[in-house]
Amino acid sequence: LFRSKGLRPIADGPPAARGGEESSATLNSPWAVTVRTLHFGLLLVAVGAVVFALVVLPGAEKRVLAESARLEPHAAAALSKRVAVVGMVASGLLALATDLRIDVQANALFQAFGGEQGARAFLDGLQGMPWMRALVWQAYASIMSLVGFVIARRGVRWGWWVAAAAVPVFVAAPGFAGHAAGTDPRAAGLILDALHVLSASAWLGALVVMFVAAIPALRRAPDWVSGPQIAALAESFTPLALTAATVLGATGVAGAWLRVGSDPAAWTGPFATALQLKMAALVVVLAAGFWNWKRVRPRLGGAEGTQALVR
């Protein structure tokens with residue numbers, strides 16, 4: 001398994017003398033950080049495509065913003081196919097990124113076991129490790145969602161439900177492969193992490209899908225047609241985004257508290273730095289969302305409002 005992926009056992013030095021520093025360096029290398037970021041970003045987009053197609057588009061079809069301004073069924077069907085293409089790309093790349101993620105984590109742990117005896121013990125127990133099972137199941141779910149997106153791209157509605165069946169695995173796997181699996185109580189940590197990932201996907205993932213697939217397609221039509229349709233999408237997406245952002249913040253704080261507790265020393269170091277960066281990013285995105293809600297949203301329906309939304 002490891003030789004096929006170019007990984008080499010460490011033949012010199014006892015396991016205890018090698019492990020921690022090399023393992024930590026591998027997991028925190030620029031390549032490892034890039035792989036984890038890419039992996040998580042693709043997961044958000046894949047889930048966001050499902051949420052956009054099954055929640056945002058139907059809501060936009062039902063909304064009446066003016067006398068007859070709404071997202072027409074034929075426009076929604078065309079957008080659904082474009083969203084399916086985004087989902088296809090995201091889920092296909094996610095399967096590849098999951099393999100890279102397994103390589104990174106396995107290589108780090110493999111190095112921590114240095115020596116032939118430690119390497120043999122590591123290989124014997126590798127497939128029983130929860131993080132390995134979680135990532136393998138995520139790879140299978142990526143393939144299943146890819147099949148669903150391909151079916152949905154052909155205009156078959158139930159293809160979306162095939163893709164949606166992979167969502168529980170997508171949102172649960174990061175917890176089993178990350179810090180949430182080591183919290184106490186473990187079940188609470190995993191549930192909070194799954195809700196955290198789901199809310200991030202419903203908000204940020206669906207937002208990416210809207211700006212990559214939906215709005216560019218609608219803007220090809222004349223302003224008097226595209227303006228109300230884009231406004232209908234924004235009106236449908238807004239309550240979902242507000243709810244998801246609230247859940248995202250709440251589960252993030254609760255998960256961090258569950259992980260480190262009330263120990264002041266635990267709120268320092270790399271974990272605290274990462275948490276502060278995430279909270280700062282959340283505040284910036286929330287501020288931008290609030291600005292759009294108060295200033296841009298009332299102007300939607302015409303060319304000026306659409307341009308302001310895109311900016």
Side-chain angles (χ1 to χ4, degrees), residues 37-62 71 73-102 133-177 190-191 193-218 233 236-237 239-241 243-244 247-248:
T37 303
L38 176 65
H39 178 262
F40 191 68
L42 290 169
L43 187 152
L44 294 187
V45 175
V47 177
V50 175
V51 172
F52 192 86
L54 296 181
V55 178
V56 178
L57 283 181
E61 283 187 84
K62 297 175 182 177
L71 188 65
H74 68 276
L79 290 183
S80 179
K81 293 180 179 181
R82 289 180 61 90
V83 172
V85 172
V86 175
M88 288 166 53
V89 173
S91 58
L93 292 177
L94 179 60
L96 298 176
T98 301
D99 181 68
L100 292 177
R101 174 81 184 272
I102 292 173
R133 291 200 301 268
L135 290 176
V136 169
W137 276 104
Q138 190 174 85
Y140 290 151
S142 300
I143 296 172
M144 182 174 71
S145 67
L146 176 60
V147 172
F149 287 129
V150 170
I151 296 172
R153 174 66 180 83
R154 295 177 175 272
V156 181
R157 180 68 176 175
W158 58 265
W160 285 110
W161 296 107
V162 174
V167 169
V169 178
F170 283 156
V171 301
F176 284 96
L190 292 173
I191 291 172
D193 193 82
L195 290 174
H196 192 67
V197 175
L198 179 60
S199 57
S201 302
W203 177 24
L204 301 177
L207 184 65
V208 169
V209 172
M210 183 166 72
F211 278 94
V212 169
I215 291 181
L218 292 177
L233 280 180
S236 178
F237 178 71
L240 171 67
T243 302
V247 175
L248 180 66

Pair D193, V197 - check side chain to side chain contact (heavy atoms under 4.5 Å, CB included), show working.
CA-CA 6 Å; D193 193 82; V197 175; 4.0 Å; yes
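Summarising the geometry, atom CZ belonging to R101 is positioned 8.5 Å from atom OG1 belonging to T98; distances are rounded to the nearest 0.5 Å. In this structure, CG in L135 is found 10.0 Å from CG in D99, a value given to the nearest 0.5 Å. Atom CZ of F176 sits about 4.5 Å away from atom CG of L190, to the nearest 0.5 Å. The distance from atom CG of L207 to atom CZ of F52, rounded to the nearest 0.5 Å, is 9.5 Å. If you take CG on L42 and CG on L44, they are separated by 9.0 Å, rounding to the nearest 0.5 Å. With rounding to the nearest 0.5 angstrom, the CG atom of L79 is 6.5 Å from the CG atom of L233.
Residues W161 and L54 form a side-chain contact, since some pair of their non-hydrogen atoms from C-beta on lies under 4.5 Å apart.
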Could you pull out every donor-acceptor pair under 3.5 Å between side chains of residues 137-155 and any protein atom, sequence neighbours left out?
| from | atom 1 | to | atom 2 | distance (Å) |
| --- | --- | --- | --- | --- |
| Q138 | OE1 | H39 | NE2 | 2.4 |
| S142 | OG | Q138 | O | 2.9 |
| S145 | OG | A141 | O | 3.3 |
| S145 | OG | S142 | O | 2.8 |

Under 3.5 Å, which donor-acceptor pairs link side chains of residues 167-175 to any protein atom two or more places apart or in another chain?
none

Please tabulate, for side-chain N and O atoms in residues 85-95, each donor-acceptor pair with protein atoms closer than 3.5 Å (sequence neighbours left out).
| from | atom 1 | to | atom 2 | distance (Å) |
| --- | --- | --- | --- | --- |
| S91 | OG | G87 | O | 2.8 |
| S91 | OG | M88 | O | 3.2 |

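In the model, W160 has a side-chain atom that pairs as donor or acceptor with a side-chain atom of S80 under 3.5 Å.
The backbone N or O of G48 sits nowhere less than 3.5 Å from a side-chain atom of S201 that would complete a donor-acceptor pair.
A53 and R157 get closest at one heavy-atom pair: O-NH1, 4.1 Å.
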